Colleague: 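Mind having a look at this structure? Questions to follow.
This is a predicted model, so every value here is computed, not measured.
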Amino acid sequence: MNKNVRPMPITIICFFGFLSVLATMVIIASGWHRGGGGWYPYFMGLSAGVGLISFVGLWRMQRWAVYTYAGLVVTNQIVLLSMGVWGVASLIPLVVLGVAFAYRGKMAGG
């Protein structure tokens, strides 16, 4: 397999990742995020931006994107825990991260 050919699991992750970024932007624009405090929409926007950058990097099979997404996941887990809104659905990004790490060796870059 060519080192930079995108495997189907990464393609699927990116597709749903792009959808989640879009959904986050809709949530911010609609005001559905109420209850997180005045800082929370800004955090959501920053998180969506870093997520978009990560998914573009994963789409292009860049190894740095795995580490960027890992940092995002850890940060989001901490924020959700500190807000008291962490739930089982919060584990979904960890599954995505596991798949991304599994294909890390097939990605370009350091």
Side-chain angles (χ1 to χ4, degrees):
M1 174 186 251
N2 184 346
K3 188 171 183 155
N4 293 327
V5 172
R6 186 175 48 263
M8 186 57 68
I10 297 293
T11 301
I12 293 167
I13 283 171
C14 290
F15 174 77
F16 286 108
F18 292 135
L19 285 179
S20 73
V21 168
L22 180 61
T24 301
M25 299 313 290
V26 169
I27 288 169
I28 293 169
S30 70
W32 290 346
H33 56 77
R34 305 263 187 244
W39 60 272
Y40 192 59
Y42 300 107
F43 175 77
M44 287 179 69
L46 179 63
S47 181
V50 173
L52 179 61
I53 291 167
S54 297
F55 290 120
V56 168
L58 286 174
W59 183 264
R60 296 180 63 220
M61 293 296 289
Q62 298 295 310
R63 193 173 297 147
W64 59 261
V66 177
Y67 303 117
T68 303
Y69 188 70
L72 176 64
V73 168
V74 168
T75 302
N76 283 339
Q77 296 294 314
I78 292 169
V79 168
L80 293 173
L81 281 167
S82 69
M83 291 176 61
V85 296
W86 190 93
V88 175
S90 303
L91 294 174
I92 293 170
L94 297 176
V95 174
V96 171
L97 189 58
V99 172
F101 266 103
Y103 286 100
R104 180 183 52 170
K106 296 181 186 329
M107 296 181 183

Colleague: Can you tell if the side chain of Tyr103 reaches within under 4.5 Å of the side chain of Arg6, non-hydrogen atoms only?
Modeller: no
Colleague: If hydrophobic clusters are built from ILVMFWY residues whose side chains come within less than 4.5 Å, do Ile78 and Val85 share one?
Modeller: no
Colleague: Trp64 versus Met107: any side-chain heavy-atom pair under 4.5 Å?
Modeller: no
Colleague: What about Leu52 and Val26, same hydrophobic cluster or not, with Ile/Leu/Val/Met/Phe/Trp/Tyr joined at side-chain heavy-atom distances under 4.5 Å?
Modeller: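 Not linked; separate clusters.
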Colleague: Hey, are the side chains of Phe15 and Ile10 touching, using non-hydrogen atoms and a 4.5 Å cut-off?
Modeller: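 No, too far: nothing below the 4.5 Å cut-off.
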Colleague: In terms of hydrophobic clustering (I, L, V, M, F, W, Y; side-chain heavy atoms under 4.5 Å; direct or indirect links), are Phe101 and Leu94 co-clustered?
Modeller: yes
Colleague: Ile92, Val50: one ILVMFWY side-chain cluster at the under-4.5 Å cut-off?
Modeller: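 Different clusters.
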Colleague: If we ignore hydrogens and angles and just use 3.5 Å, is the side chain of Arg63 paired with the main-chain N or O of Arg104 as donor and acceptor?
Modeller: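 Yes, because the side chain of Arg63 sits within donor-acceptor range (under 3.5 Å) of the backbone of Arg104.
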Colleague: Stepwise, does the side chain to side chain contact (heavy atoms under 4.5 Å, CB included) test hold for Phe55 with Ile13?
Modeller: CA-CA 8 Å; Phe55 290 120; Ile13 283 171; 3.9 Å; yes
Colleague: Could you report the tightest heavy-atom contact between Cys14 and Leu58, atom names first, then the distance?
Modeller: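 Of all heavy-atom pairs spanning Cys14 and Leu58, the closest is SG-CB, 3.7 Å.
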Colleague: Would a hydrophobic clustering, with Ile, Leu, Val, Met, Phe, Trp and Tyr connected at side-chain separations under 4.5 Å, put Met44 with Leu80?
Modeller: yes
Colleague: Roughly how far, to the nearest 0.5 Å, is CD of Gln62 from CD1 of Ile53?
Modeller: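 Taking CD1 in Ile53 and CD in Gln62, the distance rounds to 13.5 Å.
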Colleague: Which heavy-atom pair separates Met25 from Ala48 by the least distance, and what is that distance?
Modeller: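 Nearest heavy atoms, Met25 then Ala48: SD-CB, 3.8 Å.
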Colleague: Side chains of Val95 and Leu91: does their closest heavy-atom pair fall under 4.5 Å?
Modeller: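 The answer is no, as the side chains (C-beta and beyond) never meet within the 4.5 Å cut-off.
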Colleague: Between Phe18 and Val56, is there a side-chain heavy-atom distance shorter than 4.5 Å?
Modeller: yes
Colleague: If you compare all heavy atoms of Pro7 against all heavy atoms of Val5, which two are closest, and at what distance to 0.1 Å?
Modeller: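 Looking at all heavy atoms of both residues, the closest pair is CD-O, 3.2 Å.
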Colleague: According to the interplanar angle, ranging from 0 to 90°, do the rings of Phe43 and Trp39 count as parallel (below 30°), tilted (30 to 60°) or perpendicular (above 60°)?
Modeller: perpendicular
Colleague: Would you call Thr24 and Ser47 a side-chain contact if the rule is heavy atoms closer than 4.5 Å?
Modeller: no
Colleague: Ignoring hydrogens, what is the shortest heavy-atom contact between Pro93 and Val73? Give both atom names and the distance.
Modeller: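 Heavy atoms only, the tightest pair is CB-CG2, 3.8 Å.
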Colleague: Say you draw a straight line from OG of Ser90 to CG of Leu81; how long is it, rounded to the nearest 0.5 Å?
Modeller: 7.5 Å
Colleague: Identify the two heavy atoms, one from Ala65 and one from Ser54, that lie closest to each other, and give their separation to 0.1 Å.
Modeller: CB-O, 3.3 Å
Colleague: Can you name the closest pair of heavy atoms from Pro41 and Ile28 and give their distance?
Modeller: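 Where Pro41 meets Ile28 most closely, the heavy atoms are O-CD1, 3.8 Å.
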